[in-house]
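Below: one structure, written as C-alpha cells.
Residue numbers start from 1 in every chain, and the chains themselves are labelled A, B, ... in the order their sequence lines are given, proteins ahead of strands.
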Amino acid sequence: MLAYIFRRLLYALPILIGVNLITFALFFIVNTPDDMARMQLGVKRVTPEAIEKWKLDRGYDKPLFVNAAAGGVGTLTDTIFFEKSVRMFVGDFGRADDGRDIAREIKARMWPSLAIALPTFILGLFVTVSLALLLAFFRATALDFWGVVLCVALMSISGLFYIIGGQYLIAKVWKLVPISGFGDGLDAWRFLILPVFIGVVSGIGSSTRWYRTIFLEEVSKDYVRTARAKGLAETVVFFRHILRNAMIPILTGVVVVIPLLFMGSLLTESFFGIPGLGSYTIDAINAQDFAVVRSMVFIGSVLYIVGLILTDISYTLVDPRIRFS
Amino acid sequence: MLQVKDLRLGFASGERTLLAVDGISFAIARGETFALLGESGCGKSATAQGLMRLLPTAGRIVGGSVQLDGEELLARSEAEMRAYRGGRMAMIFQEPATSLNPVLTVGRQIGEVLERHRGLRGEAARARMLDLLRQVGIADPERRLDEYPFQLSGGMKQRVMIAIALAGEPELLIADEPTTALDVTVQAQILDLLAQLQAERGMGMLLITHDLGVVARMAHRIGVMYAGELVEVASREEFFTTPRHPYTQALFAALPDMTRRGMALTTIPGQVPSLAAMPAGCRFADRCPLVMPVCREQSPAWREAQPGHAVRCHWQGAQAAPAVVSSVADALPSGQAPLLDVADLKVHFPIRKGILQRTVGHVHAVDGVSLAISPGRTLALVGESGCGKTTVGKALLQLIRPTAGSVRLAGEELTGLSGRDLRAARRQLQMIFQDPFASLNPRLRIGEIIAEGMTALGVGGDAAAAVRALLQQVGLPDDAAERFPHEFSGGQRQRIAIARALAVQPALLVCDEPTSALDVSVQAQILNLLKTLQGELGVAYLFITHNFAVVEYLAHDVAVMYLGRIVERGSADEVLGNPRHPYTQALLSAVPVPRLDGAGERIRLPGETPSPAKPPSGCHFHPRCPQATEVCRERYPDGKTLSDTHVAVCHWVN
Amino acid sequence: MSDFQIVVLWSDILVWLLLAAGIGLGLLISRSPPLLAAWRRVGASRPGMASATVLLAFVLVGLLDSLHYRPALESQPGEQTQYAIEVLSVLDALVGPLRTENEKTYSSPLATHLHAKETTEVPGVGTVREFPRLKFGGVHLDDPAQRGGDVAMTALRAVGLAALVWLALAALVAARCGGWAAVWRGRTRFAWNAVLATLGAMLLVLLPVFLLAGDYHVFGTDKVGQDVLYQILKSVRTALIIGLVTTLVMLPLAVVLGIVAGYFRGWVDDLIQYLYTVLNSIPGVLLIAAAVLMMQVVIDTHPEWFATAAERADLRLLALCFILGITSWTGLCRLLRGETLKLRELEYIQAAQAFGVSNWRIILRHILPNLMHIVIIALVMDFSGLVLAEAVLSYVGIGVDPTMTSFGTMINNARMELGREPVVWWSLAAAFSAMFILVLAANLFADAVRDAFDPRAA
Ligand SMILES: Nc1ncnc2c1ncn2[C@@H]1O[C@H](COP(=O)(O)OP(=O)(O)OP(=O)(O)O)[C@@H](O)[C@H]1O
Ligand code: SF4
Ligand code: SF4
Ligand SMILES: [Mg+2]
C-alpha cells in the first residue's frame with residue numbers, strides 16, 4: 001500500500017510542475033512586471049522610479065529565467081522563476097503586499113475555513129444522499145416527480161441568493177444567530193450555524209438529483225433483480241445491495257474535494273466575515289495581490305492532487321474488484 | 001403443483017398497455033421439468049418474471065391466475081409474496097456475470113436467503129452454505145465463501161446462483177436461459193447439475209430456453225410460445241416425434257445439421273408481429289405456409305391432438321407436407337492452390353500494470369495458428385469463448401497487427417503492408433461481424449453504408465446501381481438504400497452487413513459468428529444466403545463459430561481451437577465424424593442434440609478454459625483432459641498427420 | 001447624413017453568427033432523421049416546450065439588444081454630423097423612456113415618491129423633511145392617492161388585452177392543428193398546449209408590466225435612480241452571451257481533443273490527458289481569477305485600444321467568455337474521450353477500417369455523428385451553470401466590466417441594500433427572480449433535451 005501511495009505521489013509531480021509552469025506563464029509572461037506595476041500604481045503615480053521600487057519590493061526586478069549577472073548557481077536561482085515558482089515546492093510562498101509571510105497566514109487561516117467547510121460537507125453529504133435514497137426508493141411516484149421538480153428549482157437559484165436571503169431572513173429578521181463574524185475556540189459554533197446551514201441547503205438541489213440518477217442506475221441492474229428474487233424486503237435491497245454499489249461512483253465525486261475543504265469557500269467566508277482562506281483569496285483578488293493569488297492557485301492544485309490520490313485509495317477500500325487485483 | 005391460468009402481462013407504453021403475454025395457461029407437477037420454448041421477444045422472460053411478480057417497472061400483470069399448491073399468488077400482498085420468492089419458488093437468470101452483487105461475498109449472498117427463509121445464522125448458516133456449495137459442485141467451498149463474484153469464472157458464478165436458489169429449499173425452480181451465456185462444455189456441466197438436483201429434490205422446474213437441444217436434453221413437457229401465446233404443449237416424446245403446430249415444425253425444419261448439407265434450409269418468412277400490431281386471428285398467419293382464410297379471422301382454440309398433446313391451430317393434419325427443398329450448388333473441389341495461407345500466426349497483447357503502464361506479461365490470444373483456405377470453400381474455426389477465434393479473424397484483416405507469423409493472400413504477404421498496398425489487398429478480404437446492432441453506423445443510410453467500401457477502395461462504376469444490385473442479391477428491397485439501420489431487424493441488418501462486405505467483391509469473407517445473435521429461423525435465412533452467394537460468386541469463407549450445428553451444415557473444412565492454438569484440423573467429415581483430439585471429442589459430445597436419441601455416451605470435461613495470460617505448461621489441455629499423462633504436463637505435443645488433410649495435436653493420437 | 005451610425009461590437013458579430021450557426025445546424029439536423037427524431041421528442045415534451053417558450057422570449061430581448069448604433073447629435077445644417085459617444089441598441093430605442101427617465105435615487109416599485117426623506121424649502125412653510133414626488137414615476141397623477149386605482153385600471157386593461165391576444169394566438173394554433181380538443185388533450189405531435197399555456201402566463205405578466213412601465217417604475221429604481229426593469233432587460237444579453245459564446249470557445253477544444261485522444265490513443269492521448277489533468281487540478285475559480293486579473297492588467301495598460309467604454313466592456317466580456325471556455329472544456333473532453341474509446345471498438349468502425357477508410361474520414365463520418373447527442377446535451381446543460389457563474393464572478397470582482405449591466409453587477413451593486421433601514425429589496429429581488437426564471441427555463445429545457453437524446457434514458 002505504501003509503495004502504491006508513493007508511486008502515486010511520484011506521478012503527481014509532473015502535474016504539479018505543469019500547474020506551476022502555467023501559473024508562472026500567466027503571471028509573468030502574459031504581462032511583464034512593469035505592466036503590473038503600472039496598473040497597480042495607477043496612472044498618476046507612474047514614474048520610472050516608482051516602478052523600479054515596486055518591483056524591487058516584490059523581488060520582481062530579477063530576470064525571468066537566466067540571470068547571467070549573478071554567476072555560478074545564481075545564474076539559475078537568482079531569477080524570478082526560481083524565487084517565485086520553484087520555491088513554492090518547499091512551501092515558501094514569499095510575502096504578500098502587506099508584507100506578511102503568506103505561508104504563515106495560510107497556516108493560521110485554514111482552520112476557520114475547515115471549521116465551516118467540514119461540517120457543511122459532512123452534513124450536506126448526509127442530507128443529499130438520504131434525500132436521493134428517498135426519491136429513488138419512491139421512484140416513479142408523485143413524491144419522486146415533485147422531488148425532482150423541487151431539486152431543479154433549487155438548483156436554478158443563484159448561490160448568492162441563498163447567502164443573501166438566508167442571512168437577511170435568519171439573522172436579521174428572525175435574529176436567531178449573529179449575522180457574521182467569528183469567535184475563538186468553542187465560542188465559534190454560534191457563528192458557524194448559519195453558514196453551515198446555508199451551505200447545506202444551497203447544495204441540495206444539484207447533489208440530490210445527481211445521486212438519485214446514480215441510485216436509479218443501480219436499481220436497474222441485474223443483481224437487484226436477484227436480490228428481489230430472494231424475497232428480501234425492499235429496504236434491505238436498498239441498503240444492503242444498492243447503496244453499497246452506488247457508493248462507488250459517489251465516492252469519485254466526493255473524495256476529491258475533501259482536501260480542498262481546507263481552502264474554504266470564497267462566497268460564504270466573505271459574506272460571513274470568517275477569517276479563512278476563502279476570504280483571504282477574495283481580499284487578495286480585490287486588492288490585486290498577485291503573490292497571494294499565485295500561492296492559492298498552487299495550494300489548490302496540490303490539494304486537488306491529494307484528493308485524486310485519496311480517491312484511488314478509497315476505491316481500493318470500497319470496491320473488492322480493485323482491492324484484490 | 002403450479003397452475004397458471006390465462007396469465008396476461010403487459011408493458012406500459014405511453015397511455016397504453018401492450019400485452020407481451022396474452023393468456024397463457026400451463027401446469028407443472030412436482031419433479032417435472034416444463035420447458036418454455038420460443039424465439040426472442042415472444043414473452044418467455046416476461047412470463048417467468050410475472051410468476052415471481054418481479055416484472056420491471058413498466059410491467060403490469062393484467063389478469064389471470066397463478067396458483068402454487070392451490071394458493072393464489074396474484075392475490076397475495078407484496079409482503080406475503082416475499083415469503084414465496086426465494087423460499088418456495090426460486091429463480092436463476094441468464095447472465096451470471098451481472099446477476100450477482102459485485103461488492104458482496106458469495107457467503108453473504110447465500111447467507112441472506114438462509115436467514116430470510118430458513119432463519120439460519122452464524123455457524124449453522126455457514127455449515128449449510130458449505131453444504132450447498134458442495135452440492136453445486138464447487139471445489140474448495142471454504143475459500144469460495146469469502147470470495148467476491150469477480151474472482152469466480154462464469155460457470156462458477158452460475159453455480160453460485162444455483163446455490164442461492166437452492167438455499168431456500170424451493171419447490172419450484174424457474175431457470176431463465178440458465179446456460180445461454182456459457183460455453184458448451186460448461187453448459188453441459190450446468191445442465192447435468194440442474195437435472196441431478198431436480199431429481200434428488202423432486203422440484204418442479206420451469207426451464208426457459210430458445211435451444212431445441214437443451215429442451216431435448218432436459219424437458220419432460222414442452223410449451224412452445226409464439227408472440228405472447230402458447231401454441232403447442234406436448235410431452236418430450238410427442239414433441240420430438242410428431243410436432244403438430246406449423247410453427248414448431250418450421251423451427252425443426254430451420255435447424256442446420258449434417259443431414260441437410262448441400263440443401264437449402266427451410267426458413268420462416270417475415271418477422272414476429274410487433275406487440276402494438278398483433279393480428280386478430282392466428283398470430284402466425286402471416287408466416288404460416290398452411291394459412292387458411294379462417295386463420296386470419298379467428299384465433300384458433302386449443303385442440304387435444306393426443307392425450308397430453310394440445311395445439312392451437314385450425315389446421316388438422318399431422319405432419320406438414322415436406323417443404324420443397326432446393327439444393328444449393330456446392331463448392332469447388334479442394335486441392336487447388338490455397339487462397340489464404342496462414343503460417344504460425346501469433347497475436348500477443350501486452351498486459352500493462354501500474355501507473356507507468358509497464359508491461360508485466362502477455363495474453364497469448366493467438367499463439368501460433370496455421371491454416372489454409374482454398375478458393376470457394378468454407379473453413380470453420382471452432383472453439384469456446386476466449387480461445388482467440390475473433391482475434392485470428394481480425395489479425396488476418398490486419399485490423400490487429402499480428403505479433404509474428406505470416407498471412408499470405410493469393411501469394412501476397414499481408415503482414416507489414418500499409419497504405420496503398422494494404423488497401424489493395426483489402427479488396428480481396430472482408431469481414432462480417434457478430435453483432436448486427438453494432439456493426440452498422442446508426443447515423444448513415446443503408447445506401448451510404450454499402451457504398452462506403454466502394455468509395456474507400458476506389459471500386460469504380462455506378463455506385464447507386466451497384467448498391468441496388470447488392471440489395472437485391474441479399475434479398476432486400478430497393479428502397480432500403482434510403483432508410484436507416486434502426487428500421488431493420490437483426491436478420492435484415494446482417495444481410496446489409498453482408499452486402500457491404502460483398503460490395504468490394506472480395507475473394508474471402510471472414511464471418512465472425514454471423515448468426516449467433518439471431519433466432520433459429522433467421523439464422524437459417526442467413527445461412528442459406530451465405531451458401532447461395534458462395535455458389536454464385538465463388539467466395540471463400542472463414543467461418544468463426546461455436547455452434548457445431550452450423551459447422552456441420554456449412555463447413556468443408558474444420559479447425560478446432562483451444563487457448564490460442566489449433567488442436568485439430570481436417571475436412572468436415574474427418575473432424576466431425578471421426579474426431580481424434582480429446583478436446584474435439586469432448587466438445588462434440590457436450591453439444592445438446594435436438595433429437596430424442598441425442599443422449600449418447602457423454603464425455604464431461606471438468607473445469608473451464610484457463611486464462612490465455614498464463615496457459616498451462618505442456619499440452620494446454622492437460623488440466624481438463626481425461627487422457628492426460630505425465631508427458632502431457634511437460635511437453636507440448638507435435639501435430640500428428642492422420643490423413644492428407646487431418647491433423648491432431650496430441651501425444652496420444654496415432 | 002443619417003440619424004445614426006451603426007456600431008458593430010465584437011460580441012454582436014458572435015451573437016448573430018451563433019444565430020446563423022443555430023439555423024444552419026437546424027437545416028443540417030432536418031436532413032438527419034435520427035437527430036430530427038430526437039428533436040421531435042423534445043418538441044413533444046411539455047416541460048421542454050414551455051421552457052423553450054420562455055427562453056425564446058429571453059433570446060428575443062438579447063437579440064434586440066445586439067444591434068448597436070450611435071445616434072446623431074443635434075447639429076446645424078451643413079455641419080459634419082456628430083455622433084453621440086454613447087452606444088445604444090435597438091432595445092434601448094424600443095424601451096425609450098425606461099432608459100432616460102432617471103430619478104434621483106431609490107424609489108420602491110410603482111412608487112410616486114422617493115424612498116428617502118429629503119429636506120426641501122416650501123415657500124411660506126420653511127424647510128420640511130418629506131418624501132419628494134418623483135420626477136417621472138406617476139407624474140400624470142394629480143393626487144398620489146389615486147395611484148391604487150390607476151394601477152389597477154391599467155393592469156386590468158392590460159389583462160384584457162392579454163386575453164385577446166392570447167385568444168387570437170390560440171385560435172390560430174387550433175385552426176392549424178386540428179381543433180381545440182386535439183390541442184388541449186395533448187394529441188398534437190408538438191406540445192402546443194404547453195406553449196400556449198406558457199404564452200398565456202407570460203402575456204398575463206408581461207403586458208401589465210409594460211403598460212405600467214410607461215407611467216411608473218414597475219420594479220422601482222436603484223441608488224442612482226435608474227429603472228430596475230431597464231437594467232433587468234439589459235442584463236439578459238450579458239447572460240446569454242456568457243452562456244452561449246463560452247460554449248463556442250469550449251466546444252471545438254473539447255470535441256477535437258477528446259476525439260483525437262480517444263481515437264488515436266498512445267502518446268497523443270497521454271499528452272491530452274496530461275493537459276486536462278493539469279488544468280483540472282487548478283480549482284476553477286482560482287484559475288479564472290488569475291486569468292481575469294491578468295486580463296485586467298492587459299486592458300488597463302492599453303487604454304488606446306478602445307474607442308468607447310462600450311467597446312472596452314464588450315471586449316472584456318468576450319475575454320471572460322474565452323477564459324471560462326478555456327477553463328471548462330476539460331469535463332466534456334474527458335467524456336468524449338471515454339465515449340470515443342468505446343466507439344472505436346464498435347464493429348462498424350472496424351468494418352470501416354477493414355475498407356481502409358482513412359482515420360479522419362472515420363472520425364468525421366462515424367465517430368463525430370455518434371457523439372453529437374453528448375455534445376448537444378453538454379451544450380444545453382452548461383448554459384444555466386454559466387449564467388449562475390457569471391453572477392458569482394461579477395460579485396467576486398472577476399466578472400464582467402463594472403460598467404456593463406449584468407445580473408452579477410446588479411447584485412454586486414445592491415449587496416448592502418438589505419442592511420439599510422428601511423430595507424431596499426427590489427433590486428435584489430428583481431435580479432434574482434429574473435435570473436431564476438432564466439436558469440429554471442434553461443434547466444428544464446436541458447432536461448427535456450437530455451431525455452430525448454440520451455439513448456439510455458429512452
Ligand atoms: N421493460 C420493458 N418495457 C417494454 N417492453 C418490454 C420490456 N421488457 C420486454 N419487453 C417486451 O416484451 C416482449 C417479451 O419480452 P421477453 O424478454 O419476455 O422475451 P424473451 O422471449 O425472453 O426474449 P429473449 O430470448 O430475447 O430473452 C418483447 O416484445 C419485449 O420487447
Ligand atoms: S391457425 Fe392457420 S395460420 Fe395459424 S398456425 Fe394454424 S394453419 Fe397456420
Ligand atoms: S496431449 Fe495429452 S493432455 Fe493434451 S490432449 Fe493429448 S492426451 Fe490430452
Ligand atoms: Mg429472455
Would you mind checking which part of [X] comes under 4.5 Å of any heavy atom in chain A, side chain (CB onward), backbone (N, CA, C, O), both or neither?
X	value
C/Leu275	neither
C/Leu440	both
C/Val285	side chain

From [X] [atom1] over to [Y] [atom2], what is the distance, rounded to the nearest 0.5 angstrom?
X	Y	atom1	atom2	result
A/Arg209	C/Asn443	CZ	CG	6.5 Å
A/Phe298	C/Ser281	CZ	OG	10.0 Å
A/Thr281	C/Leu286	OG1	CG	6.0 Å
A/Leu266	C/Ile398	CG	CD1	7.5 Å

Please classify the contact of [X] with chain C as side chain, backbone, both or neither, using a heavy-atom distance under 4.5 Å.
X	value
A/Ile15	both
A/Leu260	side chain
A/Leu160	both
A/Met155	both
A/Ser270	side chain
A/Ile164	both
A/Ile157	both

Tell me which of these, [options], has more heavy-atom pairs under 4.5 Å with chain A than the rest.
options	answer
C/Gly397, C/Ala290, C/Ala391, C/Ser384	C/Ala290
C/Tyr274, C/Trp425, C/Phe407	C/Tyr274
C/Val387, C/Val423, C/Ile437, C/Leu438	C/Val423

Among A/Leu308, A/Val152, A/Ile305, A/Val302, residue most engaged with chain C (heavy-atom pairs, under 4.5 Å): A/Val152
Stepwise side chain to side chain contact (heavy atoms under 4.5 Å, CB included) check, A/Tyr304 with C/Asn280: CA-CA 9 Å; A/Tyr304 177 83; C/Asn280 231 1; 3.8 Å; yes
is_close_aromatic(C/Phe432, A/Tyr162), centroid dist under 6.0 Å: no
For [X] and [Y], work out which heavy atoms get closest and say how close.
X	Y	result
A/Ser301	C/Pro283	N-CD, 3.8 Å
C/Leu388	A/Ser156	CD2-O, 4.1 Å
C/Val297	A/Phe290	CG2-CZ, 4.0 Å

Student check: side-chain heavy atoms of A/Leu267 and C/Val396 closer than 4.5 Å: yes
Contact check, side chains of C/Leu287 and A/Val297, non-hydrogen atoms, under 4.5 Å: no
Is it the case that over 12 heavy atoms from other parts of the model lie below 6.0 angstrom from the [atom1] atom of [X]?
X	atom1	value
A/Lys221	NZ	yes
A/Phe161	CZ	no
C/Phe58	CZ	yes

For residues 17-29 of chain A, please give each side-chain donor-acceptor pair under 3.5 Å, one per line with the distance, not counting sequence neighbours.
| unit_1 | atom_1 | unit_2 | atom_2 | d |
| --- | --- | --- | --- | --- |
| A/Asn20 | OD1 | A/Ser85 | OG | 3.3 |
| A/Asn20 | ND2 | A/Ser85 | O | 3.2 |
| A/Thr23 | OG1 | A/Val19 | O | 2.8 |
| A/Thr23 | OG1 | A/Asn20 | O | 2.9 |

By salt bridge (charged side-chain N to carboxylate O under 4.0 Å, His left out) - contacts of C/Arg46 (at least two apart): none
